[in-house]
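What you are looking at is a predicted structure, and each value in this text was computed from that prediction instead of being measured. Below, chain A is the first sequence line, B the second, and so on; all start at residue 1.
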Amino acid sequence: MSTNTTQSRLGEFWGEFSKEKSGIVGLILLALCVLVVIFEPLILPWKEVNNKWRDIDYWQDNPASAPPEWTNFFSKTKSPVTQRLTKATREEVDLEGGAKMVTYTLDYKYEADKAPLDVIFHISGTGDIPMVVSIERPDGVKVDLFQRFEQGLANQDIRISADNDGRNSAFAFVKQYESEEALEAYSSSSLRTTDLLFNTAQQGMARQFKPLKGTYKLIAQAMIMDPANMDIKDPYVVVTGSVSGLLGTDDSKRDLASGLIAGMKWALLIGFLTSVVSVVIGVLYGIITAYFGGRVDSVMMFIFQIVNSIPVLPVLIVISAVFKPNIYMLILVMVLFFWTGSVMTVRSMALQIKEETYIEAAKALGAKNGRIIFRHMVPLLIPYSFASMALSVPSAIVYESSVSLLGLGDATIVTWGQILHDAMQGAAVLKGLWWWIVPPGLLIAIMGMMFAFIGFSMDKILHPKLQTR
Amino acid sequence: MYKWFAFKRILKGIFTYAIIIFVLSALFNTVTDKTVRAEIEEQVRAESSRLKNVPPAAIQRFQEQRRIDLIQLYRLDRPLLERILYQTWNSLTFNFGKSTIIKSSQGERDVLTIVGEALPRSLLLFTTATLFEIIIGIALGLKKAQKPGGSMDRITSVITMIVYGMPTFWLAMILIMFFVYNLKLFPSAGMHTVPPPEGIMYFVDLLWHMALPLLTLLLIGFWGVAYYVRNIVLGVLQDDYIMAARARGIPEHSVLFGHTLRTAAPPIMTMSILSLLASITGAIIFEGIFSWPGLGNLYWIAVQQNDIPVLMGDLTITTGIYQVGLIILDLTYGFMDPRIKVGGKA
């Protein structure tokens with residue numbers, strides 16, 4: 001059988017396959033997944049998620065356990081959305097003696113019904129800088145949140161959180177409207193800074209929150225004493241809302257959408273690599289044991305039976321717990337167990353093929369065993385191999401996520417199973433943090449579904465008896 | 001002839017089992033060694049603390065002597081292969097020793113008791129689930145095969161594919177979140193209320209605790225069974241004798257259940273037993289999520305607490321069940337399908 005006929009066979013197979021609606025749906029989904037993986041750097045809301053998933057500092061400005069942004073759509077009281085404001089206007093005023101007064105102003109349009117959890121101001125500075133950060137409310141009141149003399153900076157990030165650093169000034173601001181007695185009922189710790197800053201200024205404001213909507217100006221003002229060597233630049237403000245991102249955040253403030261997108265390539269890699277390698281091994285194993293028969297067959301079938309009767313998951317878990325393998329080692333271990341999946345079917349198919357006259361003819365012509373196996377037997381089993389690969393992808397993904405769910409996964413990457421593990425650890429089920437549990441599992445299920453669509457459609461073509469048309 | 005076949009099959013099963021246990025023992029050899037050494041240290045310390053009014057030098061001498069004795073007793077001074085074989089033999093004879101941390105409900109530390117306690121609980125849950133799965137699966141599968149390509153067949157086939165890669169543990173989490181914490185219909189975990197009620201209420205309580213795990217297993221389980229049954233039955237329905245039976249005017253009902261299902265029984269039986277075995281051995285996470293105190297849950301606790309004797313015991317018993325299941329499958333195959341001549345050369 002030449003390559004031409006192999007090609008025409010595959011072409012025939014494709015012709016049949018393209019008539020299967022579910023198979024095409026599966027292929028389209030697969031293409032979408034591949035596109036997501038290719039364009040990952042563009043799609044990711046948090047670009048460095050791959051390196052910094054376990055870096056607490058990277059996520060520090062996010063709210064913890066916040067629902068997705070779009071939940072606002074369904075609730076009457078709108079929650080503020082986590083935003084990153086980077087559009088700043090810079091003003092410079094020259095002072096006497098060569099010094100400069102630099103002012104950055106950022107606008108925040110506040111239109112929610114609840115106060116944000118925090119307003120965090122970031123700026124990077126060099127040198128010794130006295131600076132004031134203040135917030136100007138729509139009603140014209142300006143509250144100085146924070147003043148400090150930062151010394152010896154070398155292009156470092158200065159982080160000022162309204163909730164922590166502006167607590168005292170916010171309290172002082174409320175004192176103008178509330179009587180001492182009223183304030184005494186509330187200790188400064190029970191009031192959140194932002195609840196005061198975004199509140200309508202009036203008597204009783206410590207007791208109830210009435211949002212003052214409008215544009216807030218966030219102002220950072222610094223005196224640059226030696227403009228040649230000192231400066232502040234690149235300011236940005238993170239308004240920490242109570243809803244955040246496309247899919248919310250977990251209890252370590254991580255953006256779940258980013259984690260899930262980053263996990264997609266690993267799911268695909270695990271699924272593909274495991275299934276392709278194990279099916280190739282399994283198919284060759286099946287052909288060889290059928291082709292040679294006799295003693296080779298009995299020995300190989302015995303090895304097959306032993307591997308086949310080892311319970312996979314318990315052994316996989318213990319190996320992961322003892323040897324702490326990285327993801328490629330884990331894939332290798334899975335291959336060691338998964339290759340048995342296709343052996344029996346291939347063996348029985350190969351036993352039939354072996355008896356065909358053209359194999360006999362090839363033998364009579366003096367063809368070597370390798371040639372007969374690879375040129376005459378393997379091509380016939382290619383369609384079956386594809387179906388078998390597609391159908392074993394989901395179980396590879398589920399096994400990896402099971403191992404990860406137990407906290408035994410590769411700690412240098414982000415996988416969906418690990419996100420589910422964190423959700424279990426964080427008692428997300430008990431707390432009802434559905435946005436932390438539903439998406440990772442749903443993605444695993446969808447990925448399983450798409451490979452099932454592809455695999456079942458191929459399977460149908462391979463077993464004409466099952467065809468209903 | 002059948003006896004000889006059965007004898008050979010059982011012997012082969014035992015041999016396979018021994019090899020698997022050998023492989024597992026070799027795999028865990030370093031870990032078991034470490035645990036045994038830690039145990040010896042603990043024992044020596046405990047024994048020497050009991051000695052009173054003895055000079056320090058004598059205590060030290062005693063400790064060293066005991067250490068050497070115990071290391072010899074546990075064969076830690078022997079070559080690697082012998083240690084592995086020793087471990088294999090211990091496992092094969094179910095001589096797992098005492099657990100390091102985990103205790104049975106009676107407070108015993110005998111590994112066999114601990115594992116023996118967990119085994120029936122796993123069997124209870126998973127045999128019940130598999131039984132339901134098969135009944136529903138066969139019923140649905142027959143329905144599907146009667147009108148292949150019909151809307152019912154197509155819709156259920158698509159659902160089969162949708163749940164194909166769905167992780168059971170994830171569905172369990174979702175259902176717990178919804179039914180336990182939102183609707184407060186079922187208990188969140190365990191097998192019994194503490195303390196368990198007496199009499200008939202004991203079983204009602206058990207059923208109440210079993211309901212959600214069962215529901216989860218069923219929701220995912222029976223679709224695959226139905227699809228498999230459909231494919232097999234569809235293959236059988238195209239055989240000539242089915243056409244002959246129909247031509248003779250035998251009612252469709254009897255054709256389906258009498259003729260078709262009889263022929264389709266062996267593969268369905270194989271699949272049921274295999275899926276039961278797979279669910280018992282692969283239920284570590286599932287049982288963990290429901291805190292169902294079976295083998296899987298025990299296994300996970302043993303991994304977490306590094307209790308190697310329990311781990312090895314659990315693994316040995318689980319593998320044993322799997323082997324026994326495979327043997328039973330082969331032995332009953334002949335009864336299910338008389339066409340298969342067992343005993344003679346195939």
For the [atom1] atom of [X] and the [atom2] atom of [Y], what is their distance to the nearest 0.5 Å?
X         : Y         : atom1 : atom2 : result
Leu406(A) : Tyr299(B) : CG    : OH    : 10.0 Å
Arg154(B) : Ser22(A)  : CZ    : OG    : 11.0 Å
Thr160(B) : Met449(A) : OG1   : CE    : 13.0 Å
Gln305(A) : Ile19(B)  : CD    : CD1   : 11.0 Å

Would you say [X] and [Y] make side-chain contact, with heavy atoms under 4.5 Å?
X         : Y         : value
Ile310(A) : Thr319(B) : no
Phe302(A) : Lys12(B)  : yes
Met166(B) : Ile444(A) : no
Ile174(B) : Ile437(A) : yes
Ser309(A) : Leu326(B) : yes
Trp170(B) : Leu442(A) : yes

Apply side-chain contact (heavy atoms from CB on, under 4.5 Å) to the pair Met424(A) and Met173(B), showing each step before the final yes or no. CA-CA 9 Å; Met424(A) 287 297 286; Met173(B) 287 156 101; 3.1 Å; yes
Apply side-chain contact (heavy atoms from CB on, under 4.5 Å) to Met177(B) and Leu433(A), showing your working. CA-CA 9 Å; Met177(B) 196 159 68; Leu433(A) 310 178; over 6 Å; no
Residues of residues 310-318 of chain B contacting chain A, heavy-atom criterion under 4.5 Å, by residue number: Leu311(B), Leu315(B)
Listing request: all ring-ring contact (aromatic ring centres under 6.0 Å, His included) pairs with a residue in residues 144-168 of chain B, at least two apart in sequence or in separate chains. Phe456(A)-Tyr164(B)
I'd like to check the side chain to side chain contact (heavy atoms under 4.5 Å, CB included) partners of Met300(A); sequence neighbours left out, ordered by chain and number.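 Met300(A): side chain to side chain contact (heavy atoms under 4.5 Å, CB included) contacts with Tyr285(A), Ile288(A), Thr289(A), Val296(A).
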With a 4.5 angstrom heavy-atom cut-off, could you sort out which part of [X] is near chain A: side chain, backbone, both or neither?
X         : result
Leu171(B) : neither
Leu27(B)  : both
Ile162(B) : both

Please classify the contact of Phe323(A) with chain B as side chain, backbone, both or neither, using a heavy-atom distance under 4.5 Å. side chain
Using side-chain contact (heavy atoms from CB on, under 4.5 Å), reason through Ile317(A) and Ile284(B) one step at a time and then give a plain yes or no. CA-CA 9 Å; Ile317(A) 286 169; Ile284(B) 294 162; 3.6 Å; yes
How close do Gly441(A) and Pro167(B) get, counting heavy atoms only, and between which atoms? O-CD, 4.2 Å
Decide if atom CZ of Phe17(A) counts as having more than 12 heavy atoms of other residues, nucleotides or ligands within a radius under 6.0 Å.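 Enclosed.
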Counterpart residues, side chain to side chain donor-acceptor pair (under 3.5 Å), relative to Asp251(A) (two or more places apart):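 Applying side chain to side chain donor-acceptor pair (under 3.5 Å) to Asp251(A) gives none.
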